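Residue indices begin at 1 and follow the sequence shown. Everything numeric in this text was worked out from a predicted model, so none of it was measured.
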Amino acid sequence: MNVAIIGGTGVYDPKILSDLREERVGTPYGEAMVRIGTFQGREVAFLARHGSGHSVPPHRINYRANIKALQQIGVKRVLATAAVGSCNPEMKPGDFVIANDFIDFTKARSYTFFEGGPDGVVHTDFTEPYCPDLRVLLYGAARDLGITAHPG
């Protein structure tokens, strides 16, 4: 399995997957609940960002456990959904935006996987925080399906 979907607000149930099973994955950062199923013959992982029933507020999401759990089960590519507004009049409610950058205003949580120690001091490059290959694929798929999408 190399693909995962992280469902944000409004996306709690992986209805597109069949043969669904749940796995509790232990990581150095805590546990994460991952659902694994099949989509068009491929095994896909699903993780609800805000937990079951949208019960975890943004500042309490254990994103390190979530991402580490996906890595531990073999995931290489993550598609994540998010529901937000926009001040850009070109972006209408219901449009898709293929994010190319972000500003994180969440406070009171760890911001890194690298805490020094044996790993040393690590500076993560955020020049391009989202996978350019997936962004191109998503934008092309939206266009092919007639979905209004914005490339950034």
Exercise for review: Sequence neighbours left out, what passes ring-ring contact (aromatic ring centres under 6.0 Å, His included) with His50? Give chain and number order.
Suggested key: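 Listed in chain order: His54.
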Exercise for review: Identify, with sequence neighbours excluded, every residue that meets side-chain contact (heavy atoms from CB on, under 4.5 Å) alongside Val84.
Suggested key: none
Practice item. Determine which pairs satisfy salt bridge (charged side-chain N to carboxylate O under 4.0 Å, His left out) with at least one residue from residues 47-63, sequence neighbours left out, and list them in order. Key: none
Do [X] and [Y] come close enough that some side-chain heavy atom pair is under 4.5 Å?
X      : Y      : result
Phe46  : Leu20  : no
Val56  : Asn62  : no
Arg109 : Asp104 : yes
Glu23  : Ile36  : yes
Ile5   : Ile16  : yes

Point to revise | Qualifying side chain to side chain donor-acceptor pair (under 3.5 Å) pairs with a residue from residues 63-75, counting only residues at least two apart or across chains | key: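 Sorted pair list: Arg64-Ser110, Arg64-Glu115, Lys68-Gln71.
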Practice item. Could you list all the side chain to side chain donor-acceptor pair (under 3.5 Å) pairs where at least one residue sits in residues 139-152, not counting sequence neighbours? Key: Asp95-His150
Can you give me every donor-acceptor pair (side chain of residues 96-103, partner residue at least two apart or in another chain, under 3.5 Å) with its distance?
none

**Study point:** Separation between CE of Met33 and CZ of Arg24, rounded to the nearest 0.5 Å
**Key:** 3.5 Å
Study note, to complete from the structure: Heavy atoms of Ala149 and Ala142 approach each other most closely as CB-CB, 3.6 Å
Review point. Under 6.0 Å from the NZ atom of Lys15, do we count more than 12 heavy atoms belonging to anything else shown?
Key: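 For Lys15, atom NZ is not crowded (no more than 12 foreign heavy atoms under 6.0 Å).
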